[in-house]
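Note that these values count all heavy atoms, side chains included, but never hydrogens, waters or copies made by symmetry.
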Amino acid sequence: ENRISQLTTFGGPCIGDSSFARYVNTVALTGTAIKHIVHDADPILANNGPLWEKLGFERSGSTVKCDPFEAKVYSEFDKDDGGSSYIPWNILDHCKYMGVFVGPRVI
């Protein structure tokens with residue numbers, strides 16, 4: 001049986017409630033290290049976060065906060081390094097993580 005050892009998402013939304021998150025963690029992807037990379041300038045997460053919270057949505061795995069403009073991640077013990085001063089409004093900000101544009105490209 002092939003198992004996924006690690007799953008990393010960038011700017012992914014919350015997609016289920018606590019029961020779904022528990023199912024993903026303990027049944028569907030048990031033993032998988034799940035990390036969700038997020039930042040404060042992401043308009044999708046900032047604008048939808050209050051609704052997801054109101055609906056009781058939760059993330060499976062763990063959430064790691066990063067800087068949108070440089071290759072930097074923060075631990076839970078780091079002070080807020082100015083991230084809350086970002087204004088999340090531009091959809092392109094949803095596509096920039098750790099200084100890399102991860103969105104679609106026109107060739």
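Side-chain contact between Ile15 and Trp52 is absent, with no heavy atoms from C-beta onward closer than 4.5 Å. Lys65 has its side chain within reach of Asp40: a pair of non-hydrogen atoms, C-beta onward, lies under 4.5 Å apart. Residues Tyr74 and Asp67 have side chains in contact (heavy-atom distance under 4.5 Å, counting atoms from C-beta outward). Side-chain atoms of Leu29 and Ile4, non-hydrogen and from C-beta on, do get closer than 4.5 Å to each other.
Put simply, NE2 on His39 and NE2 on His94 are 8.5 Å apart, with the number rounded to the nearest 0.5 Å. Note that SG of Cys95 is 8.5 Å distant from CD1 of Ile44, once rounded to the nearest 0.5 Å. Atom CG of residue Asp17 and atom CZ of residue Arg22 lie 8.0 Å apart, to the nearest 0.5 angstrom. A distance of 9.5 Å separates OG1 in Thr32 from CD in Gln6, rounded to the nearest 0.5 Å. Atom CG of Asn25 and atom OG of Ser60 lie 5.0 Å apart (nearest 0.5 Å). Atom SG of Cys14 sits about 8.5 Å away from atom CD of Glu58, to the nearest 0.5 Å.
In the hydrophobic cluster analysis, where Ile, Leu, Val, Met, Phe, Trp and Tyr join through side-chain heavy atoms closer than 4.5 angstrom, Ile34 is grouped apart from Val73. Put simply, Ile37 and Leu7 are part of two different groups of oily side chains (I, L, V, M, F, W, Y) that touch within less than 4.5 Å, one to the next. Phe57 is connected to Val38 through a chain of hydrophobic side-chain contacts under 4.5 Å among Ile, Leu, Val, Met, Phe, Trp and Tyr, so both are in one cluster. Hydrophobic clustering, with ILVMFWY side chains joined whenever heavy atoms are under 4.5 angstrom apart, keeps Tyr23 apart from Leu55.
The minimum heavy-atom distance between Arg3 and Thr30, with the atom names listed, is NH2-O, 3.3 Å.
Side-chain atoms of His36 and Thr9 include a donor-acceptor pair closer than 3.5 Å.
Between Tyr97 and Phe10, the two ring planes are perpendicular [angle over 60°; tilted spans 30° to 60°].
With hydrogens and angles disregarded, no donor-acceptor distance shorter than 3.5 Å links the side chain of Arg59 to the backbone of Lys35.
A salt bridge between Asp42 and Lys96 is absent, with no side-chain N of the basic residue lying under 4.0 Å from a carboxylate O of the acidic one.
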